[in-house]
Amino acid sequence: MKNLLPTFLAVLVAAGLALFVYDRFVLMPRLETAGKAAEVNLANAREKAQDIATELDASVERSVAGAKSAFDEQAAAEDARRAEMEKQAEQMRATAQAADALARAGVMKVALVEYYQSTGQWPAKTTDVGMGQPGDFAGGPVESISLEPEGVIAITLKPEVAPGARLRLVPRVTPSGMVEWSCRPTGYAAAERLPACKP
């Protein structure tokens, strides 16, 4: 038994020494290597994550810029369509006012033709044909309708319709004795869209 104790102690010391050597020269270097690899992998993962985040930000910015550009183009096209529709509506309104002004002179045209066919000459003023004063014809777009030499009817439009605009209806007696009227607008381009006032 005396020999067993020193042998047991020697085995115990040898096992402890073997564990120490294993820990110091095998296990510790492995752990250090694994730790460094984990640090390297973590650093790489951070770099990759940063690259992905940067690319994602750039992609989002490109998408937002593309969407904004498309929206701006669509808004500009819509504004252009709206402006064109407003322009067309204004042209139609102005043309309708020109047609209204010509229609208001219709009764005077009839009276002048009857006067000319019965007397062979054109009247000097509207009262000669029983039509009243020029301002009596005011209404709608018309400020006044007056008579000029040679049977010319002058229609003055209200300033809010077109400042300084006039329509002149000029008679022409055909060889058969019929009277034809031509419209000559001044300062009122809208009237030129009417068949009677084509330049």
Less than 3.5 Å apart, which donor and acceptor atoms pair up between the side chains of residues 8-20 and the rest of the protein, not counting sequence neighbours?
none

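Grouping Ile, Leu, Val, Met, Phe, Trp and Tyr by side-chain contacts under 4.5 Å, direct or through others, leaves Met92 on its own. Alongside Val152, the hydrophobic cluster contains Val170 (criterion: ILVMFWY side chains under 4.5 Å).
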Check against side-chain contact (heavy atoms from CB on, under 4.5 Å), Leu102 and Cys183 | CA-CA 9 Å; Leu102 291 178; Cys183 169; 4.1 Å; yes

Check step by step if salt bridge (charged side-chain N to carboxylate O under 4.0 Å, His left out) holds for Arg184 and Glu192.
-> CA-CA 8 Å; Arg184 296 184 187 160; Glu192 294 177 6; over 6 Å; no

Stepwise, does the side-chain contact (heavy atoms from CB on, under 4.5 Å) test hold for Leu157 with Gln97?
-> CA-CA 9 Å; Leu157 299 174; Gln97 287 177 327; over 6 Å; no

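For the salt bridge (Lys or Arg N to Asp or Glu O under 4.0 Å) test, no residue two or more places apart in sequence or in another chain qualifies with Glu114. Looking at residues two or more places apart in sequence or on another chain, you find a side-chain contact (heavy atoms from CB on, under 4.5 Å) between Glu143 and Thr156, Lys158, Pro159. Contacts of Asp136 classified as side-chain contact (heavy atoms from CB on, under 4.5 Å), with partners at least two apart in sequence or in another chain: Gln133. Not counting sequence neighbours, the partners of Asp79 by the salt bridge (Lys or Arg N to Asp or Glu O under 4.0 Å) test are Arg82. Every residue meeting the side-chain contact (heavy atoms from CB on, under 4.5 Å) condition with Val179, not counting sequence neighbours, appears here in chain and number order: Val113, Trp122, Pro171, Val173, Trp181. Shown here are the salt bridge (Lys or Arg N to Asp or Glu O under 4.0 Å) partners of Glu78, two or more places apart in sequence or in another chain: Arg81. In this structure Thr174 satisfies the side-chain contact (heavy atoms from CB on, under 4.5 Å) test together with Arg172, Ser176, Met178, Glu180, sequence neighbours excluded.
Cluster membership for Val107 and Tyr115, using ILVMFWY side-chain heavy atoms within less than 4.5 angstrom, is shared.
To the nearest 0.5 Å, atom NZ of residue Lys48 and atom CG of residue Asp51 are 9.5 Å apart. Met131 CE to Ser146 OG: the interatomic distance, rounded to the nearest 0.5 Å, is 12.5 Å. Distance check: Glu47 CD to Ile52 CD1 gives 12.0 Å after rounding to the nearest 0.5 Å.
Between Ile155 and Ala101, the shortest heavy-atom contact is CD1-O, 3.7 Å. The two atoms that bring Pro123 and Val129 nearest to each other are CG-CG1, 3.8 Å, heavy atoms only. In plain terms, the two heavy atoms of Ala105 and Leu169 that are nearest each other are CB-CD1, 3.8 Å. Closest of all the heavy-atom pairs between Leu167 and Tyr188 is CD2-CD2, 4.2 Å.
Arg104 contributes a side-chain N or O that, together with a main-chain N or O of Gly139, makes up a donor-acceptor pair within less than 3.5 Å. The main-chain N or O of Ala96 is never found under 3.5 Å from a side-chain atom of Asp100 such that the two would form a donor-acceptor pair.
Within a 6.0 Å sphere centred on CD of Gln74, heavy atoms belonging to other residues, nucleotides or ligands number 12 at most.
The list of salt bridge (Lys or Arg N to Asp or Glu O under 4.0 Å) pairs with a residue in residues 145-157, not counting sequence neighbours, reads Glu148-Arg166, Glu148-Arg168. Each ring-ring contact (aromatic ring centres under 6.0 Å, His included) pair with one or both residues in residues 85-111, not counting sequence neighbours, would appear here, but there are none.
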